[in-house]
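Remarks on the structure that follows.
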2 protein chains.
Amino acid sequence: MPFKTPRKPAARPAPRKGRRSAAPEPYHHGNLREALLEAGIQLLKEQGAEALGLRELARQAGVSRTAPYRHFESRDALLAGIAEQGFVKLREVLLEARREHDADHEAWFIAAARAYIGFAFGYAEHFKLMFGGYMKYEPGQHTSLHDAGNGAFQTLVDLVLASQESGLVMQGDPIAVSIAAWSTLHGFCSLAVHKRLDFLVENPDLLSRTAELVARTCLEGVRARK
Amino acid sequence: MPFKTPRKPAARPAPRKGRRSAAPEPYHHGNLREALLEAGIQLLKEQGAEALGLRELARQAGVSRTAPYRHFESRDALLAGIAEQGFVKLREVLLEARREHDADHEAWFIAAARAYIGFAFGYAEHFKLMFGGYMKYEPGQHTSLHDAGNGAFQTLVDLVLASQESGLVMQGDPIAVSIAAWSTLHGFCSLAVHKRLDFLVENPDLLSRTAELVARTCLEGVRARK
DNA sequence: CAGCGGTGTAGACGATGTCAACATATTTCT
DNA sequence: AGAAATATGTTGACATCGTCTACACCGCTG
């Protein structure tokens with residue numbers, strides 16, 4: 001009986017005998033899709049993106065190796081799903097910075113920069129997955145991931161637009177200006193997360209002071225010239 | 001006779017029967033080490049870092065799969081060797097920018113920024129390998145790669161030091177200021193190279209204008225406040 | 001000429017992503 | 001309610017990869 005074998009029943013979130021709910025929650029055995037994403041996020045945090053194997057994820061979810069293919073077209077698609085969650089979270093922390101400093105554009109700017117840096121350091125592996133070359137990123141593919149990324153970027157564009165109106169930030173194509181500001185943040189985070197700033201890591205005080213300098217630089221670089 | 005088999009003799013750089021030369025060029029069959037690096041650089045340019053398999057490189061060099069292990073401890077070590085070459089090249093282009101604008105610090109700054117961006121766009125895959133998470137990067141490992149990276153970074157520190165003395169750039173820890181300036185460049189390049197700026201790619205004019213803005217932002221962000 | 005270390009080779013192992021074929025559970029149609 | 005369709009999960013197999021071990025060859029030094 002090669003089929004009745006393991007089936008750790010505790011691993012499944014209770015097959016839901018209830019008739020039907022409004023949300024089209026998957027049926028069958030449990031919602032594997034989310035279980036895979038959750039396991040992936042957990043494993044990503046603990047071991048990094050390299051450890052995110054399809055088989056490993058399936059193992060952690062208590063299913064067979066090819067089961068994930070019913071929910072993700074390929075390993076890359078699964079990674080894209082995990083990365084997407086990261087962009088959602090990133091957007092959230094950026095929106096939070098906005099909520100707290102809506103009135104003062106300069107404070108908003110600095111808070112957004114700190115939030116971005118905080119996200120990168122707090123979710124380093126996630127950050128690497130989102131912006132690194134861990135998966136193919138062909139245009140037209142992974143549109144959902146793409147949208148989530150644009151959603152996060154849009155919060156920066158909103159900030160730039162508002163700051164241009166209030167005269168804090170230089171005029172010019174808002175996209176270009178946003179990218180210029182974003183680049184400063186992103187470059188610092190990318191270098192740090194990839195351990196290219198290890199001469200700072202040994203001096204945590206200098207690291208945090210540099211982070212603060214970067215947050216300011218990010219604004220000064222695009223501040224309206226007098 | 002399972003051993004006499006392939007041995008494409010043309011692929012080897014002539015066994016060098018000459019007695020001995022000053023440089024300790026490897027003997028035996030040819031200098032496989034450099035052949036592997038060359039093939040790797042070529043393949044990297046054409047197909048990206050994912051294609052850099054040990055077996056594939058060995059194939060390209062016309063040797064057996066495990067031959068590379070006589071010259072590189074692991075695949076990561078080979079990748080590190082290839083990345084190292086990239087840092088050497090990057091340092092070269094940065095030094096060239098310096099040579100051309102030694103006197104005018106502002107021009108030097110802009111030229112260095114353009115050179116960095118030019119390198120990233122011209123050697124996109126190499127850039128990704130150098131700064132992405134394609135290989136383990138434990139501290140203490142790959143010291144040669146590490147040194148090459150620091151060598152390239154040092155050219156930026158030199159620029160910042162000179163610019164601080166001449167009053168162009170703000171005071172403060174030169175390392176921190178260098179990182180702040182570098183971050184702007186690096187962030188832009190990293191985003192572009194990883195295709196996260198595709199909304200720009202469709203508009204090459206906007207892309208180049210943004211690149212120019214970034215090159216300026218990189219200086220404005222750390223310019224001495226009046 | 002013997003031996004020895006530097007170099008290259010074949011075989012094997014475990015691991016991975018993916019495909020095709022098959023089994024089973026849930027929904028939908030009649 | 002029963003049948004058919006669909007969604008989900010499983011096994012087996014294949015090609016590929018990095019790496020280990022044992023072995024073969026080469027060119028030098030004694």
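By convention in this document, chain letters (A, B, ...) are assigned in the order of the sequence lines, proteins followed by strands, and residues within each chain are numbered from 1.
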* Could you check whether R75(A) gets within reach of a base, just the sugar-phosphate, or nothing at all, counting any heavy atom under 4.0 Å? =>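 Sugar-phosphate: the residue R75(A), judged by heavy atoms under 4.0 Å, touches backbone atoms but no base.
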
* To do: Give one of base, sugar-phosphate or nothing for R55(B), where a contact means two heavy atoms less than 4.0 Å apart.
  =>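 If one applies the 4.0 Å heavy-atom cut-off, R55(B) turns out to touch a base.
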
Find the distance [X]:[atom1] to [N]:[atom2] and express it as a whole number of Å.
X       : N       : atom1 : atom2 : value
F72(A)  : dG17(C) : CZ    : P     : 14 Å
E56(B)  : dT19(D) : CD    : C1'   : 18 Å
L78(B)  : dC17(D) : CG    : C1'   : 15 Å
R33(A)  : dA7(D)  : CZ    : P     : 15 Å
L32(A)  : dT24(C) : CG    : P     : 19 Å
K136(B) : dG18(D) : NZ    : C1'   : 12 Å
E50(B)  : dC17(D) : CD    : P     : 13 Å
L57(A)  : dG17(C) : CG    : P     : 9 Å

* Test: K128(B) and E125(B) ion pair at under 4.0 Å ->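 Salt bridge flag = yes for E125(B) with K128(B).
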
* To do: May I ask you to decide whether R209(B) forms a salt bridge with E212(B), counting only side-chain N to carboxylate O separations under 4.0 Å?
  =>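 Salt bridge absent between R209(B) and E212(B).
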
* OP1, OP2 of dG9(D) versus side-chain N and O of Y69(A): anything below 4.0 Å? ->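 No, outside the criterion.
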
* Would you say the base of dG6(C) and the side-chain of R70(B) have a donor-acceptor pair closer than 3.5 Å? ->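 No, the side chain and the base share no sub-3.5 Å donor-acceptor pair.
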
* What about R65(B), does its side chain sit under 3.5 Å from the base of dG8(C) through a donor-acceptor pair? ->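 Checked by distance alone, the answer is no.
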
Closest approach to the side chain of [X], judged atom by atom: which nucleotide of [options] is it?
X      : options                   : result
S64(B) : dT9(C), dG18(D), dA21(C)  : dT9(C)
S74(A) : dA10(C), dG9(D), dT18(C)  : dT18(C)
R59(A) : dC19(C), dT16(C), dG11(C) : dT16(C)
H71(B) : dG8(C), dG9(D), dT9(C)    : dG8(C)

* Taking everything shown except Y123(B) itself, do over 12 heavy atoms lie less than 6.0 Å from its OH? ->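 No, not enclosed.
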
* Asked: Within a radius of less than 6.0 Å around CD of E50(B), do more than 12 heavy atoms belonging to other residues, nucleotides or ligands occur?
  ->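 More than 12 within 6.0 Å, yes.
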
* To do: Determine yes or no for a side-chain-to-main-chain donor-acceptor pair under 3.5 angstrom, with N203(B) supplying the side chain and L206(B) the backbone.
  =>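 It does hold such a pair.
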
